[in-house]
Amino acid sequence: MDEALLSSLNEAQRQAVLHFQGPALVVAGAGSGKTRTVVHRVAYLIAHRGVFPTEILAVTFTNKATEEMRERLKGMVKGAGEVWVSTFHAAALRILRVYGERVGLKPGFVVYDEDDQTALLKEVLKELGLSAKPGPIKSLLDRAKNRGEAPEALLSELPEYYAGLSRGRLLDVLRRYQEALAAQGALDFGDILLYALRLLEEDQEVLKRVRKRARFIHVDEYQDTNPVQYRFTKLLAGGEANLMAVGDPDQGIYSFRAADIKNILQFTEDFPGARVYRLEENYRSTEAILRFANAVIVRNALRLEKTLRPVKGGGEPVRLFRARDAREEARFVAEEILRLGPPFDRFAVLYRTNAQSRLLEQALASRGVGARVVGGVGFFERAEVKDLLAYARLALNPLDSVSLKRILNTPPRGIGPATVEKVARLAQEKGLPLFEALKEAEGVLPRPEPVRHFVALMEELMDLAFGPAEAFFRHLLLATDYPAYLKEAYPEDHEDRLENVEELLRAAKEAESLMEFLDKVALTARAEEPGEAEGKVSLMTLHNAKGLEFPVVFLVGVEEGLLPHRNSLNTLEGLEEERRLFYVGVTRAQERLYLSYAEEREVYGRTEASRPSRFLEEVGEGLYQVYDPYRNPGPIPPPHRPKPGAYKGGEKVVHPRFGPGVVVAAAGDEVTVHFEGVGLKRLSLKYADLRPA
DNA sequence: TTCAACAAACTTTTT
DNA sequence: GTTTGTTGAA
């Protein structure tokens, strides 16, 4: 590995790899070999700096990134398998599984996913006799947790009434929710990080131990850290400060998760003496694509000055297709993909909202082109999978009433709402967990057999919960006759659903224990079978596309209201984030980039007229081409109208008739341009189609 | 208790 | 246009 390790890197990458102690910020533009740099650096630490693999931590944001880093590290240097590579959440959860009892967690605590969280919130609302919607309250809750603030701190920012509740009421709900979580030994997503942070802050012993395991820390996608993750990182790095933050403020797209790109913008102030390394050479995209991308992002104010330089020259022009409606847009994408031909896994179609995927899927499917939708309803969110997981969670943690309610009558076993109501009341009166109340409910029920049956089943399962995960699920399927239930309940697609169940069993086989399996499942949105993407077009949201690259990218729905999304128009920060999202999409493309928008689009079944995105206007037409295989290319949208004062003199420009020229003088709307072979021309910006060259 | 028919709410993005 | 929840009959 030795010198070959360094020789395959460019100068900037090499400098970063050679960085040894102290804080460092690697500003890594899209496609600049970021992961490569981190992986090499880790290998270099081990091979040449005498650092033990067990002293290195690399944090990523997604499971996908974690896998990739592990994979690349493997075989590069001896002991690479010992490096702690993990997402923030998985790292925090691991710490809590070992030391959680020190912050009052029960040993068998479970992790609630979003659905569970909503379900519990609904229960709380019902219990308090409120009819408010859980959605807005949940986002408030998440915001508080992601920021690491008490809910009270957020309330002061809110209007007197929010989600139909007064501030005081809202606070009641949030407090009651947290109590309920604690009572059932559950953590929601935000809690995982929050508890881990508290543990590190309050327990010197634990902090010391974890720091030993993390003497050299790498944080990937640093621009996406939220305040809790920031504090977590800072605390861990607090000892020797061997922290390497890697990221790109231009790709920060998670502010709705309370990520704050200020964390990366202020890194050098936060960590005095930090070295900064800039990776600006882009290996991924053609020059045409990069020029477009640079023109997009240069409009943002909140950034670190940086220009991506292409390694690949030239390339196909960026193309824009204007569709009449979303159907035509989908048709265009599918036909263009067919025209370019297989292998189809070199194509990706990116969109702003999940709802846009349906038409695209259909258009591709009807032409026999395979597609995989990344994201959407995740594997572990499918009803049948969630059912089985709920049994498992309840078996490990009988306090978990959300899971209990889910499966109490699934498959149907004659325990209806009336029964649940009675048992719930009993639980309340006696202060018992729901499952305990179930055991004692015989007296109050007219027909206790179904309940007795269920309790017996669960007790059986509880005995199996500490054995292998697969055996647990096998027994569960048998004992509940679950496949028969699927057939009954979903006559149309029970076969698909059964397939999912089998998939779950396969996955469970890999796990050490049921608990480990559940933890993994909770933090993994979905697992993709190896080879599943092969030969298929990838469909995904822009958020899901981060970190990926494809030879050909279609970025659809480049419209006002969609990109930028209408909900983000109110603030400058919101708008800039939308622009970054666009930038992220554009920079996924290696060879060809297609953009498209529809002139009208259905929103909840209503058809609305739409206009091309302002981002297209900002970029200017010189950097893309209107493309229309169906009609004659119409007038070029959006009209390019530089404002008076757009030119000062000296700029190179292009005129459709006169060709390339140089601006000699400019006054308001009027510019004087010297064109090669033509001479001086006086033009009005209002009428002349003058573009920057 | 269960199932079917209807109404309403929904869509920004996710570890 | 789709999914989720509510209502009423068997």
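Within every chain, numbering begins at 1; the chains are lettered A, B, ... in the order of the sequence lines, protein sequences first and strands thereafter. Quick caveat, the model's predicted, so the values are computed rather than measured.
Atom P of nucleotide B:dT14 and atom OH of A:Tyr254 are separated by 6 Å, given to the nearest angstrom. The CG atom of A:Leu408 sits 13 Å away from the C1' atom of B:dT1 (whole-angstrom rounding). Between A:Phe61 atom CZ and B:dT13 atom P the separation is 19 Å, expressed in whole Å.
Nucleotides of DNA chain C with any atom under 4.0 Å from a heavy atom of chain A span, from 5' to 3', C:dG1 to C:dG5.
The aromatic ring of A:Phe256 sits over the base of B:dT13, with ring centres less than 5.5 Å apart and planes inclined by under 30°.
Among the nucleotides B:dT15, B:dT1, B:dT14, the one closest to any side-chain atom of A:Phe189 is B:dT15. Of the candidates B:dT14, B:dC10, B:dT13, B:dT13 carries the atom nearest the A:Arg352 side chain, counting heavy atoms from C-beta on.
Under the ring-ring contact (aromatic ring centres under 6.0 Å, His included) criterion, no residue pair touches residues 406-425 of chain A, with sequence neighbours excluded.
Neither OP1 nor OP2 of B:dT15 sits under 4.0 Å from any side-chain N or O of A:Lys64. The phosphate of B:dT2 has OP1 or OP2 within less than 4.0 Å of a side-chain N or O from A:Asn409. Close to B:dT12, at under 4.0 Å from its OP1 or OP2, lies a side-chain N or O of A:His565. Dashed line: the shortest gap from a side-chain N or O of A:Asn354 to OP1 or OP2 of B:dT14 is under 4.0 Å. OP1 or OP2 of B:dT14 lies within a sub-4.0 Å distance of a side-chain N or O belonging to A:Thr541. Dashed line: the shortest gap from a side-chain N or O of A:Asn567 to OP1 or OP2 of B:dT12 is under 4.0 Å. Under 4.0 angstrom from either OP1 or OP2 of B:dT1 there lies at least one side-chain N or O belonging to A:Thr419.
When heavy atoms are screened at a 4.0 angstrom cut-off, A:Ala90 is found touching no nucleic acid atom at all. Nucleic acid contact class of A:Phe88 (heavy atoms, under 4.0 Å, all strands): none. Residue contacts shown for A:Glu114 include a base, since a base heavy atom lies under 4.0 Å away. As judged by a 4.0 angstrom heavy-atom cut-off over every strand, A:Lys546 is placed among residues making no nucleic acid contact.
The aromatic rings of A:Phe554 and A:Phe347 are tilted relative to each other, their planes meeting at an angle between 30° and 60°.
Considering only heavy atoms from C-beta on, A:Tyr254 stays 4.5 Å or farther from A:Gln223 through its side chain.
One N or O on the side chain of A:Arg588 and one on the backbone of A:Val584 form a donor-acceptor pair closer than 3.5 Å.
Applying the side-chain contact (heavy atoms from CB on, under 4.5 Å) test between A:Ile56 and each of A:Val83, A:Leu73, A:Val85 identifies A:Val83 as the sole match.
Around atom NZ of A:Lys64, more than 12 heavy atoms belonging to other residues, nucleotides or ligands sit under 6.0 Å away.
A cation-pi geometry, defined here as NZ or CZ lying under 6.0 Å from the six-membered ring centre and within 45° of its normal, does not hold between A:Arg143 and A:Phe256.
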